[in-house]
Amino acid sequence: MDRVYIGELRAHIGDRVTIRGWVHNKRSSGKIRFLLVRDGTGVVQSVLSKGNAPDELFQLFDELTQESSLAVRGTVRADERAPGGVELTIEEIQLLQLAQDYPITPKEHGIEFLMDLRHLWLRSSKQHAILRIRHEVIRAIREFFDGRGFTLVDAPIFTPAACEGTTTLFETEYFDLGKAYLTQSGQLYAEAAAMALGKVYCFGPTFRAEKSKTRRHLTEFWMVEPEVAFNDLNDDMDLAEAFVEHIVGSVLGNRAAELKALERDTRLLENVKRPFPRISYGEAVEILHKNALPFEWGNDLGGTDETVVSQQFDRPVMVHRYPAKMKAFYMKRDPANPDLALAVDVLAPEGYGEIIGGSQREDDYETLLRRLEENGLPREPFEWYLDLRRYGSVPHAGFGLGLERTVAWICGLDHIRQTIPFPRTIYRLRP
RNA sequence: UCCACAGUAGCUCAAUGGUAGAGCAUCCGGCUGUUAACCGGAGGGUUGCAGGUUCGAGUCCUGCCUGUGGAGCCA
């Protein structure tokens, strides 16, 4: 079998091989023809010249359309004139299917048009690069936790109630048991698992029915959530910075070609090394005031606020101890100031905003019960969660990292929707 | 939900209230090393929908639809 992948052609110079793929583009000049073939591992230019090939082959070449599927047999040659330095002298073309009127031409297109054709857009080289970096980030995430004794514990996607009681959830009928909701976080379940296994993480899709219309939001996105028994907020921040450093380092080390294809300036990514600066919410507010931004203590940091704060640093910054009032009920209060929650957000540089949100969890039964009431949450669906504080409660902490926001930042994209194969936004359910 | 912007050829965009155009794509022709190739030609339109103002509306006004960006919310 002489079949090889385009990515391996360099090791086959002088060989007669067969590649199988799709027509990426073609060019012609009089009696010479250039066919660019893509197979997922790369693109190779293959050449046909008059005098060296039969007329039937020229005929077939001229009929080929963009994205037609085919097999090409030929001899591999090194040639400086070819993109990539390697090309194929065509001896035989086997057409598998002639594509009709491929809509995505090698020219500019608008985002709406490309999103409607997302199933075809994935064939473009930049989308390849993004999806490969997404894969690398996922691989690095698993590698990081698996190498540190964490156990992957999947959380359910159907849940009986809101985890945090703040955001709007997708609702569905669940047989005779009433309403069920698509999960907005696996955290509460991760906490239960941490009490069983010590160090755990869950990694799966999460759903938010908020009608968010920004470059940072999807209605369906992936989140990885570690949870560690006996960790406090400082341990949590130690874990978060090591985690982010590992992810960025893995992409830099293993996906340099993809970053280059995206024209990403990697110098800013090289900076992502421990320790990350740690500032309190109060210090963040001071930074905003120094930059003449009107900001009232007690409000949450908005998109531009986050950008201004993160611009003060050359790497991700961790903002901790937010006003408890605006944070979720399960976050533990700071013993030094009960108005503050032991929470931490990690803000990515370059205006990419919050990629991690985490906290030390409330571990006292009575306090947690009071928080549920203060937040107007029903007790019954949380009984099992309260059990975790009845039976051997311990300090513990964790965080959630948004996969797509992280990929958008590392790739330097202007919008989160390109970081997931088939994005779900408020106005997009297809394809 | 609120605010702003946009919708013209398959795509990306032009067009002072006065005959709807270009580039790319498609089709035809040319070119023996092209690099989003290039050169010549052809076809391609209910200007998002419904009203209104006007001698005349792609252009101005009203409503609606669709999309984009932002706010809020958050990963």
Side-chain angles (χ1 to χ4, degrees), chain A residues 24-36 43 45-53 58 62-63 65-66 77 79-85 87 89 100-117 124-125 162-169 183-187 203-225 240 299-306 322 326-328 343 345-348 352-358 399-409 414-417 419-420 425-428:
Chain A
H24 182 69
N25 199 359
K26 60 178 193 175
R27 292 183 276 267
S28 68
S29 175
K31 298 190 170 51
I32 189 164
R33 301 282 189 275
F34 300 96
L35 181 67
L36 283 90
V43 176
Q45 172 167 283
S46 28
V47 187
L48 206 56
S49 51
K50 268 285 200 295
N52 296 322
F58 271 76
D62 289 342
E63 287 168 9
T65 53
Q66 192 186 351
R77 282 187 302 103
D79 193 313
E80 286 184 2
R81 294 168 297 185
E87 67 180 20
T89 302
Q100 299 297 319
D101 287 334
Y102 189 69
I104 302 178
T105 59
K107 284 286 173 182
E108 293 161 18
H109 298 286
I111 191 67
E112 183 187 354
F113 177 75
L114 290 170
M115 273 301 168
D116 284 342
L117 297 171
S124 305
S125 60
C163 290
E164 306 184 9
T166 50
T167 53
T168 317
L169 303 186
T183 184
Q184 65 165 324
S185 165
Q187 181 203 313
F203 191 8
T206 50
F207 307 88
R208 305 278 167 93
E210 293 291 338
K211 294 188 172 179
S212 300
K213 293 184 59 176
T214 80
R215 66 185 68 206
R216 304 186 306 281
H217 289 87
L218 296 168
T219 56
E220 177 182 325
F221 64 97
W222 284 64
M223 188 156 65
V224 55
E225 295 170 281
N299 289 346
D300 203 353
L301 271 58
T304 49
D305 302 324
E306 289 182 351
Y322 284 77
M326 68 192 197
K327 287 293 184 182
D345 285 353
V346 178
L347 307 182
Y352 281 93
E354 184 182 348
I355 55 169
I356 282 179
F399 60 81
L401 174 132
L403 176 65
E404 286 77 14
R405 284 188 183 175
T406 303
V407 174
W409 162 48
D414 65 356
H415 201 298
I416 196 172
R417 67 192 147 198
T419 64
I420 188 166
T425 61
I426 172 171
Y427 289 131
R428 182 166 296 283

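Residue numbering restarts at 1 for every chain, and letters A, B, ... go by the order of the sequence lines.
Following rounding to the nearest Å, A:Ile32 (CD1) and B:U32 (P) show an atom-to-atom distance of 10 Å. Protein atom CZ of A:Phe34 is 13 Å distant from nucleotide atom C1' of B:C38, rounded to whole Å.
Residue contacts shown for A:Ile356 are limited to sugar-phosphate atoms, with no base heavy atom under 4.0 Å away. Among the heavy atoms of the strands, none lies under 4.0 Å from A:Glu225. Here A:Pro103 lies out of heavy-atom contact (under 4.0 Å) with every strand. At a threshold of 4.0 angstrom between heavy atoms, the contacts of A:Gln45 include nucleobase atoms, whether or not backbone atoms are also involved.
A:Gln66 and A:Thr105 share no donor-acceptor pair across their side chains, judged by distance under 3.5 Å alone.
Closest contact between the side chain of A:Phe113 and the listed nucleotides B:A75, B:U12, B:G33 involves B:U12.
Closest approach of A:Arg208 and A:Phe221 over heavy atoms only: CG-CE2, 3.6 Å. Here the shortest heavy-atom pairing between A:Glu87 and A:Ala82 reads OE1-CB, 3.4 Å.
For A:Glu354, the side chain to side chain contact (heavy atoms under 4.5 Å, CB included) test picks out A:Glu306, A:Asp345, A:Leu347, A:Arg405, with sequence neighbours left out. For A:Lys213, the side chain to side chain contact (heavy atoms under 4.5 Å, CB included) test picks out A:Ile426, A:Tyr427, with sequence neighbours left out. Under the side chain to side chain contact (heavy atoms under 4.5 Å, CB included) criterion, A:Ala348 pairs with A:Tyr352, A:Ile355, A:Trp409, sequence neighbours left out.
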Secondary structure of RNA chain B in dot-bracket form (Watson-Crick or G-U wobble, distances below 3.5 Å, | marking inter-strand pairs): (((((((..((((....[..)))).(((((.......))))).....(((((..]....))))))))))))....
Under 4.0 Å protein heavy-atom contact, by nucleotide of nucleotides 21-30 of chain B - B base, S sugar-phosphate only: ---SS-----
Heavy-atom protein contacts under 4.0 Å, nucleotides 66-72 of chain B, coded B base, S sugar-phosphate only, - none: -SBBBBB
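Residue A:Arg27 places no side-chain atom within donor-acceptor reach of the base of B:C31, judged by atom type and a 3.5 Å distance cut-off alone. For a distance-only test at 3.5 Å, the side chain of A:Glu80 fails to qualify as a donor-acceptor partner of the base of B:G33.
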Worked check of side chain to side chain contact (heavy atoms under 4.5 Å, CB included) between A:Ile111 and A:His415: CA-CA 10 Å; A:Ile111 191 67; A:His415 201 298; over 6 Å; no
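Salt bridge annotation for A:Arg428-A:Asp116: present, with a cationic side-chain nitrogen under 4.0 angstrom from a carboxylate oxygen.
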